[in-house]
Visitor: 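Sending over a structure as structure tokens; questions will come in a sec.
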Amino acid sequence: QVDLVQSGTEVKTPGASVRVSCKSSGFSFTKYYTHWMRQAPGQGLEWMGVIFPSGDATSYAQNFSGRVSVTRESSTSTVYMELTSLRSDDTAVYYCAREAPYTGWFDPWGQGTLVTVSS
Amino acid sequence: QSALTQPPSASGSPGQSVTISCTGTSSDVGGGYNFVSWYQQHPGKAPKVIIYEVRKRPSGVPDRFSGSESGNTASLTISGLQAEDEADYYCCSYADRSKYVFGSGTKVTVL
């Protein structure tokens with residue numbers, strides 16, 4: 001069964017960093033893109049970035065101005081998203097999702113990780 | 001990259017049809033990439049893909065969901081509305097250089 005399981009809820013203070021994990025099972029994750037999205041409370045989805053199947057290439061949304069990085073650990077089939085210099089408006093549910101190469105759609109999605117930024 | 005434009009809300013009675021538009025630019029929806037997808041999200045749940053490559057349905061998605069595209073605008077039509085279709089819907093488009101952009105979202109209410 002194909003599944004993406006994310007790490008648990010995080011509470012951070014402004015200026016800190018957060019790292020959210022996304023563990024894959026049921027497929028060879030080195031053959032797929034892994035994307036990250038977020039959704040602020042009551043707001044829409046926002047695409048953040050992607051790591052390529054090769055693991056050595058990434059692409060990020062310009063909105064994050066270098067604050068986001070996506071990495072992976074092949075030995076544990078886990079992809080990580082780190083967001084630095086956290087602000088209160090980074091409070092959101094963060095999702096990972098899989099994309100088969102050159103298909104342009106995301107399936108499945110992880111269950112989501114709530115990150116709260118508050119002083 | 002600005003969010004694609006969707007109407008905030010849409011509604012219809014059971015059995016009726018509702019169409020949601022998704023307007024972008026020639027750099028995304030109208031860029032000829034054919035990578036427009038639609039996602040359904042129920043409250044508190046992760047999004048689920050219902051349309052990919054503009055008009056294709058993944059296995060298990062009812063055929064009352066259909067997609068189309070014209071110029072810089074993509075559309076999702078739900079025919080024969082059912083109570084379980086009440087949810088938020090988001091379009092998403094490839095936007096060059098391995099980047100993607102989502103729509104602003106549309107809340108569908110079944111009256």
Side-chain angles (χ1 to χ4, degrees), chain A residues 1-7 9 20 22 32-66 68 70 92-114, chain B residues 1-9 20 22 24 27-29 31-61 67 69 74 87-107:
Chain A
Q1 179 185 352
V2 173
D3 202 9
L4 300 175
V5 177
Q6 299 181 218
S7 49
T9 298
V20 180
C22 171
Y32 292 82
Y33 295 84
T34 302
H35 294 258
W36 286 89
M37 280 66 68
R38 74 178 185 179
Q39 187 170 37
Q43 302 301 308
L45 295 166
E46 180 179 21
W47 183 83
M48 299 179 67
V50 60
I51 187 165
F52 285 39
S54 62
D56 60 2
T58 53
S59 179
Y60 302 113
Q62 291 180 336
N63 291 352
F64 294 93
S65 305
V68 64
V70 179
V93 175
Y94 290 75
Y95 293 101
C96 63
R98 183 188 78 165
E99 178 203 354
Y102 312 116
T103 59
W105 53 291
F106 312 134
D107 179 71
W109 293 55
Q111 84 277 18
T113 296
L114 174 62
Chain B
Q1 190 76 36
S2 299
L4 307 176
T5 301
Q6 296 181 232
S9 62
I20 303 166
C22 167
S27 296
D28 37 64
V29 176
Y33 305 114
N34 212 41
F35 281 168
V36 173
S37 51
W38 288 88
Y39 299 85
Q40 177 190 62
Q41 186 180 34
H42 288 107
K45 301 294 187 181
K48 169 193 167 187
V49 63
I50 55 173
I51 294 288
Y52 67 97
E53 292 180 16
V54 177
R55 62 187 75 248
K56 297 180 179 178
R57 282 188 312 277
S59 174
V61 173
E69 180 186 286
D88 294 326
Y89 291 83
Y90 295 92
C91 60
C92 179
S93 174
Y94 181 75
D96 199 17
R97 291 179 290 173
S98 300
K99 300 184 193 303
Y100 286 80
V101 61
F102 279 90
S104 47
T106 298
K107 181 176 181 60

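Just so we're on the same page: letters track the sequence lines, and every chain starts at 1.
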Visitor: Given the options B/Ser37, B/Pro47, B/Ser104, B/Gly105, which has more heavy-atom pairs under 4.5 Å with chain A than any of the others?
Guide: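 Top count of heavy-atom pairs under 4.5 Å with chain A: B/Pro47.
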Visitor: Side chain, backbone, both or neither: which part of B/Tyr90 has a non-hydrogen atom closer than 4.5 Å to chain A?
Guide: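 For B/Tyr90, the contact with chain A is made by the side chain alone.
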Visitor: To the nearest 0.5 Å, what is the distance between OH (A/Tyr33) and OG (B/Ser98)?
Guide: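 So the OH of A/Tyr33 and the OG of B/Ser98 are separated by 6.0 Å.
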Visitor: Can you tell which of A/Gln43, A/Glu46, A/His35, A/Gln62 has the highest number of heavy-atom pairs within less than 4.5 Å of chain B?
Guide: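 Maximum pair count with chain B is reached by A/His35.
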Visitor: Taking C-beta and beyond as the side chain, do A/Asp107 and B/Pro58 meet within less than 4.5 Å on heavy atoms?
Guide: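 A/Asp107 does not reach B/Pro58 side chain to side chain.
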Visitor: At their closest point, which heavy atom of B/Ala46 faces which heavy atom of A/Trp109, and how far apart are they?
Guide: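 Looks like CB-CB, 4.1 Å.
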Visitor: Identify the two heavy atoms, one from B/Phe102 and one from A/Met37, that lie closest to each other, and give their separation to 0.1 Å.
Guide: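 Answer, listing the atom of B/Phe102 first, then A/Met37: CE1-CG, 3.4 Å.
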Visitor: Looking at A/Tyr95 and B/Lys45, what are the two nearest heavy atoms and their distance?
Guide: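 A/Tyr95 and B/Lys45 have their closest heavy atoms at OH-O, 3.5 Å.
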Visitor: Can you name the nearest heavy-atom pair linking B/Cys92 to A/Phe106, along with the distance?
Guide: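 Answer, listing the atom of B/Cys92 first, then A/Phe106: SG-CE1, 3.8 Å.
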Visitor: Working to the nearest 0.5 Å, report the span between CH2 of A/Trp105 and OH of B/Tyr52.
Guide: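 Going from CH2 on A/Trp105 over to OH on B/Tyr52, the span is 5.5 Å.
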Visitor: What is the minimum heavy-atom distance between B/Tyr100 and A/Glu99, and which atoms define it?
Guide: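 Residues B/Tyr100 and A/Glu99, closest heavy atoms: OH-OE2, 3.2 Å.
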Visitor: Side chain, backbone, both or neither: which part of B/Gln6 has a heavy atom under 4.5 Å from chain A?
Guide: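 The answer is neither part of B/Gln6.
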Visitor: If we ignore hydrogens and angles and just use 3.5 Å, is the side chain of A/Ser59 paired with the main-chain N or O of B/Arg97 as donor and acceptor?
Guide: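 Yes, A/Ser59 side chain to B/Arg97 backbone: donor-acceptor pair under 3.5 Å.
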Visitor: Does any heavy atom of chain A fall under 4.5 Å from the side chain of B/Tyr33, the backbone, both, or neither of them?
Guide: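 Neither part, no heavy atoms under 4.5 Å.
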